[in-house]
Each structure stands twice: as structure tokens, then as C-alpha cells.
Peer 1: 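Please read through the structure below; I'll follow up with questions.
In what follows, every chain begins at residue 1, and chains take the letters A, B, ... in the order their sequences are listed.
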2 protein chains.
Amino acid sequence: MTTTLRERRKQQTSREIRLAAIELCFEEGFENVTTEAISARSGVSQRTFFNYFPNKEAAIIARPPPFPDDVVADFVNGSGTFLEDLEALVIAHLGQLEEDREIIRTLRNLIEMHPVLRAAHDASMRLLLAELSGFFARRSPDTDPVVMEMLASAVVMAIGGIIRSIDQDETPFAARVDEVFVRLRTMVDVVSQPPVAMG
Amino acid sequence: MTTTLRERRKQQTSREIRLAAIELCFEEGFENVTTEAISARSGVSQRTFFNYFPNKEAAIIARPPPFPDDVVADFVNGSGTFLEDLEALVIAHLGQLEEDREIIRTLRNLIEMHPVLRAAHDASMRLLLAELSGFFARRSPDTDPVVMEMLASAVVMAIGGIIRSIDQDETPFAARVDEVFVRLRTMVDVVSQPPVAMG
DNA sequence: TGTCATGTTTGCACCGTAGGCAAGTTCTGC
DNA sequence: GCAGAACTTGCCTACGGTGCAAACATGACA
């Protein structure tokens, strides 16, 4: 039994701290929120706050959950084309984001406005990028790893494009995978543009 | 006359602070360097340090100089293919990095090791990315801007690939532009992989 | 149920980062 | 040389973040 009372409590406390942090940011603006205030609202001591999170940002920007192992395995050992197999991977990721849809909506502006949050968010995007390009490299170990990073960063950007349009499009994220692939193909077209101008 | 004594002094002070910061990091490790020590070594008060830089990281990670206007104009109004015109832009950028070659070598490890520096560096990369994708969008205003971000991020990654191999390859950066384009084409190949497996 | 080991929270003390303010110093234009 | 702008500095305050040891809660087991 791994889900002991202790662990559940910890989960709970962690969630309470995060919630308090986000609410306070929303009410007072990120700059004006202190770790002391967050601790107070979530009913723990400031010292405990720092047992859970290394800093204020970390309480607000959660790192995205890792990709499920089976989905990764399917991609890495996939027998279709790169894009075909990539689709399931991206859908899995978008699906997980769906749960956080409301939080994403709330945090988007906060992130836009505060360099510190932006940095924390960047760091979490960088992890995603590394994870993805790792999968790519495992799938085709002979391809230049830098190329895999390039491709992964393009995919991450494409996903970002979908997320950023959350306010203009209510469609569930996963139903919008196509946009990623349309964009990848458009990108290819730009790069492969024939030597003679097309008017 | 814009290059007044005052401005030169400011430049000078700024450079002295940066130098002191980098030297100290090299001698004592980033974590063990305080803004107080940096200020002391560069002969200013701690208060003045904060007049110049918002924080320790900013003194260490300089943002790359902007692209020269004429190079940008040539790219934006260029009449060749996308890749052909892109070349001059990338060469200009690599050329500017050449001047910092030694600093880059010194700072690389520091950045790898310290999340705070990494974050500062990411932020400066993000500016580069935004600048580049802005140029791309101005050149072809009808193309989906998200695609331009994807492409720009791939190019930035490719440039990063060159910089990261600074220790394995002494060739001047600008002489290695080709690697960027080879990699862009490889990336296109991966994405455009024909539907039937190629063994 | 009692008790012991382990894990978690807390208070406290301490250092470093960062900014506001006002007084002092240096530079610029006239 | 002088008035005013720009810059530097010291002082004061607040927040961020960590180490430590005491207090407390929990799980295991008799």
C-alpha cells in the first residue's frame, strides 16, 4: 500500500499551497504576493512552504506530467512514418493538458507579465523539449541529435501555438492535433521552397 | 556627439562589473559569489551594482547584440529563396558571436551547472527567437506566424548546436553556417519521410 | 493499547538579494 | 564658473531562502 495517509496528506498540502499561491496572484498580482502570505492562507508555516517548493514560482508553475510509458514505447518502436507515430504522442500530451485547461487560462496572463514566471515556465518547456527530443533520438538513433532537438522544438512551438489560442478556440486540445501537422508541413514548404521565385 | 564622457564611463563601469562577476564565478563558483563581492572587486558600491544590473545573473549573461539593420533589411526584402537569404543573417549572427568566443567557452559550463544562469540564458535565447521569427514574419507576412516561430526555434537550435561544439571544432563560427542548412534539410527529410518504410 | 522509530512541521536565527529615499559627488551645457 | 542633470552612495527596510534542533504526527509492532 503506497498510498498511505502520510502521502495523501502531502499531496493535499501541496495542492493547497499551490491553490493559495494562484489565488493570491490572481487577487494581488504576482509581485505583491509573499511566501509568507501564501503560507498563511494555506495554513502552514513559511518554513513548510519551503519544504514543498524551492521558491514562489515553483508553487505556481507546475511541471507537466510525464508521458505515459506505453505511449512512448509505441512511438519509439513505431513502424509508421515519423509523423504518423508522432500523432499519438502529441495527442497524449494535449489530452493531459486538457485537465489543466482552466488553470492554463488563468496563468497565461500571469506568465506573460512576469519575467520570473516566464523563466520558470521556460524551464519547464525546456524539460518537455529534452524529453521529446530524447524520444526522437531513441526512435532513430542514427539521425543527428541536433536535428532531433530542432524538430522537437518546432513541435513544442506548434503545441504552444494551440495553447496560446485557448481563448479563441474552445475545441478540446486533443481534437486540434492536426494543426501541429499542418504547421509542420507548412514549415517544410518554407524550407524546401524551390530555387526560383514563385511570384 | 553621443559618445560623451559619461556614456563611456558607464560602458566602462558596466564592463568592469561584468568582468569582476565572471572572474569571481570562475574562481569561487557561481553559488559562492555575492553581489557584495562583485561590487567590491569592481570598485563600486553594492547599491551601484544594482543600478547597473537587476541581479547577479544579468551581470554574467549579456544579451547578444542586435542584428545590424542592413543585414535585416536584405533578408526581409530578399529575392532569393528563404534559405539563400537566411544565410547572410545567420552568418552575421555567428560573426558577432565570434568576438565572444572565449567568454562563451568560459561561461558554457557555468550555464550548464546553474539553473539560475540557465534561466537567464534561456531568456536571452527567447529574445533572439522572437527577433528572428519577427524577421521571418516580415519577409512573408502571409505565412502562419506560428510556423515562423517553429522555424526560428529550429534555426536557434541549429546555431546552438554549433556553439555547443565549440570545444570539438576550432573553425570560426561563421565558416560553419553550412551545418545549419544541412540540418534544416535533414529535418525536412525526417518530416517528409515517405509513407512506406525505407528499411 | 503502549511505545518506539521514522517522517513532517515548526520556530528561530541568520545571510543574501533587492529597492526606496535622500544626501553627496561628478559631469554637461551655457 | 555655475546651475542643473545624471550618477553614486549609505542607510534602512523587506522579502527570499537555508540550517538546525525541538516538537509533533504517523506507522509498525509487540
Peer 1: Can you tell me how far P of C:dC21 sits from CG of B:N51, to the nearest Å?
Peer 2: 14 Å
Peer 1: Relative to the 5' end of DNA chain D, which residue comes earlier, B:T13 or A:T35, by the nucleotide with the nearest heavy atom?
Peer 2: B:T13
Peer 1: Indicate, with a heavy-atom threshold strictly under 4.0 Å, whether A:Y52 touches base, sugar-phosphate, or nothing.
Peer 2: sugar-phosphate
Peer 1: Please give, in whole Å, the distance from C:dC15 P to B:N32 CG?
Peer 2: 16 Å
Peer 1: Mind checking if B:N55 touches a base, just sugar-phosphate, or nothing, with heavy atoms under 4.0 Å?
Peer 2: sugar-phosphate
Peer 1: Among D:dG16, C:dT10, D:dT9, which is the nearest nucleotide to the side chain of B:V44?
Peer 2: D:dT9
Peer 1: Rounding to an integer number of Å, can you tell me how far A:K10 NZ sits from C:dG7 P?
Peer 2: 11 Å
Peer 1: Tell me what B:V33 touches on the nucleic acid: a base, only sugar-phosphate, or nothing, going by heavy atoms under 4.0 Å.
Peer 2: sugar-phosphate
Peer 1: Report the nucleotide, chosen from D:dG16, C:dA18, D:dT9, that has the shortest atom-to-atom distance to any side-chain atom of B:S45.
Peer 2: D:dT9
Peer 1: Applying a 4.0 Å non-hydrogen cut-off, can you work out what A:T48 is touching in the nucleic acid: base, sugar-phosphate, or nothing?
Peer 2: base
Peer 1: Side chain of A:R47 only, heavy atoms from C-beta on: which candidate in D:dG10, C:dG16, D:dC20 is closest?
Peer 2: D:dC20
Peer 1: Can you tell me how far C1' of D:dG17 sits from CD1 of A:I38, to the nearest Å?
Peer 2: 13 Å
Peer 1: Are B:V33 and B:V116 linked, directly or through other ILVMFWY residues, by side chains that come within less than 4.5 angstrom of each other?
Peer 2: no
Peer 1: Is there a donor-acceptor contact under 3.5 Å linking the side chains of B:D142 and B:S140?
Peer 2: no
Peer 1: Take atom CZ of B:R8 and atom C1' of C:dC27, then tell me their distance rounded to the nearest Å.
Peer 2: 12 Å
Peer 1: Return the 5'-most residue of the pair A:R9, B:F53 with respect to DNA chain C, ranking by each residue's nearest nucleotide.
Peer 2: A:R9
Peer 1: Please state how far atom CD in A:Q46 lies from atom P in C:dG11, giving the value in whole angstrom units.
Peer 2: 10 Å
Peer 1: Would you check if the distance from the ring center of B:F136 to the ring center of B:F82 is below 6.0 Å?
Peer 2: yes
Peer 1: Rounded to whole angstrom units, what separation is found between the CZ atom of B:F49 and the P atom of D:dT9?
Peer 2: 13 Å
Peer 1: What is the distance, rounded to the nearest whole Å, between atom NZ of A:K56 and atom C1' of C:dA18?
Peer 2: 12 Å
Peer 1: Is a donor from one side chain sitting under 3.5 angstrom from an acceptor on the other, for A:E149 and A:S133?
Peer 2: no
Peer 1: Should we count CD of B:E27 as having more than 12 external heavy atoms under 6.0 Å?
Peer 2: yes
